[in-house]
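Shown next, in structure tokens, is the structure this report addresses.
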There are 2 protein chains.
Amino acid sequence: MMKNKLMNRKHVIEVAAILFLEKGFAYTSMDELVRVSKVSKSNVYYHFSNKEELLEAVVDYWIAKYHFAIEEVINQQQLSVEQRVTMFLMQLAQGVQVREFKGSCPFITLAIQSPAQATQLKERIGLFFAELQSKVSLLIAQGVERGEFRKAIQPEEIASLFITNLEGALFIAETQKDATIITKTAQQFMKLLH
Amino acid sequence: MMKNKLMNRKHVIEVAAILFLEKGFAYTSMDELVRVSKVSKSNVYYHFSNKEELLEAVVDYWIAKYHFAIEEVINQQQLSVEQRVTMFLMQLAQGVQVREFKGSCPFITLAIQSPAQATQLKERIGLFFAELQSKVSLLIAQGVERGEFRKAIQPEEIASLFITNLEGALFIAETQKDATIITKTAQQFMKLLH
DNA sequence: CATATTTAGTACTATATAGTACTAATAGAT
DNA sequence: ATCTATTAGTACTATATAGTACTAAATATG
């Protein structure tokens, strides 16, 4: 059954990653995780000494997943900035729909649901957004260089705006149960940069 | 002690409104609410048959509070649209700081933390944003009429963008513990409309 | 093969906490 | 003055659930 070491660990994280978003961290019991993942409780606690440690692993999982997805689209230099952004947002919108409009932004959703003492976790999420900011800045700068956006555009400031806009779109999509708003608002936004 | 009927009810809602945002709905016990509010447990349950009913009252409280604050700034017709928007955002930013960067947007924060079965509550919050959207549309349209924004601006679409941007700014402010981003991004945003 | 790591299973404990049941006092309204 | 609505207090129950303790088996690794 066990193909390779730590297979259960990874599986538990993946199941928890979905459950924590769809049902909420506080509303997901370890017993339910055991039931859904089909991994024994003793083994779950063998890998994670408590629920909060599992939550940290879940946050790391989402960060790694997003980092990977972001790098993948950014590196497709043959595409326009607008095309790459749209591609990425379509992935996000799909994820939101798959999760039935729950946990549209995994990071802020988990940060909000985490217990007050989980400061470490919140810092890591803060760092993620700081890194995202610089990546988007470079992308916007590239858009300006390539003539996609007008010259007056300040990459840093517009990157900040882009991210806040995206985050808001994710949560509004959640409340309105409409994932199209994610790509639509970004399209509108980029129109303002032409 | 009791000045007027239902004084405790109101007081409990106000205390819960803060506790639910600062500590989280799931992490706020009814015992703590009793301790902080200094209202007896029996009386709390006299007014609210369970915790979820209290949560609904809290959401209604925030909706009423925001509606009032929004109407108040919108109606100051002698001010420019930009001035009114900035005024309102400064109020929001102050609230975020007072709550120490917790629950920057009360509605989405509470919606995310509410139990899965609280569908009613989520619908009410969805409605709030729909109403907000039409109010902001009118305001943007006024900005175009008055020549503050360029003529090509489409009020509906830009209102949607403005709201997503604001929501995102609130949550990014929370993760970065920096409230200035709320007014800054809005300023940047409105620059794009000139 | 021998040893360490990973896994399952079962039963259990401890604790937090939502909610109840009662009595009795106080305030408001008519 | 009387009746109803609101309040406090105290003690209690029921339950969910995080985490533990143990045994034993299966798998990986050197």
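Letters go in sequence order (proteins before strands), and every chain restarts at 1.
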Within the 3.5 Å criterion, strictly below it, is a donor on A:Thr180 or A:Asp178 matched to an acceptor on the partner's side chain? yes

Side-chain contact check for B:Lys51: nearest option of D:dT6, C:dA8, C:dG19 is C:dG19

Whole-Å distance, A:Leu33 CG to D:dG19 P, equals 12 Å

Check ion pair B:Lys177-B:Glu100 (N to O, under 4.0 angstrom): no

Round to a whole Å and report the spacing from CZ of A:Phe48 to C1' of D:dT17. 19 Å

Quiz item: A:Ser42 side-chain donor-acceptor pair to C:dG9 base, under 3.5 Å: yes

Whole-Å distance separating the CZ atom of B:Phe25 from the C1' atom of C:dT17: 12 Å

Length of the CD-P vector between A:Glu52 and D:dT17, whole Å: 18 Å

Answer yes or no: is there an ion pair linking B:Glu157 with A:Lys191, defined by an N-O contact shorter than 4.0 Å? no

What nucleotide, of C:dG19, D:dG19, D:dT7, holds the atom closest to the side chain of A:Asn50? D:dG19

d(CG, B:Asn43; P, C:dC22) in whole Å: 19 Å

Can you tell me if B:His47 touches the phosphate of D:dT7, counting only side-chain N or O atoms and a distance under 4.0 Å to OP1 or OP2? yes

Indicate yes or no for a side-chain donor-acceptor contact from A:Glu174 to the backbone of A:Ser104 under 3.5 Å, with no hydrogens or angles considered. yes

Could you state the atom-to-atom distance from CE of A:Met7 to C1' of C:dA8 in whole Å? 16 Å

Mind checking B:Ser29 for me? I need base, sugar-phosphate or nothing, with any heavy atom below 4.0 Å counting as a touch. sugar-phosphate

Does B:Lys41 get its side chain close enough to the base of C:dG19, under 3.5 Å, for a donor-acceptor pair? yes

B:Glu53 atom CD is separated from C:dA18 atom P, nearest whole Å, by 15 Å

From CG of A:Leu55 over to P of D:dG19, roughly how many Å is that when rounded to an integer? 12 Å

Just N and O in the side chain of B:Asn8: are any of them under 4.0 Å from OP1 or OP2 of D:dT7? yes

According to ring pair (Phe, Tyr, Trp, His ring centres under 6.0 Å), who are the partners of A:Phe107, at least two apart in sequence or on a separate chain? A:Tyr66, A:Phe128

Nearest of C:dA8, D:dA18, D:dT6 to any side-chain atom of B:Tyr46? D:dT6

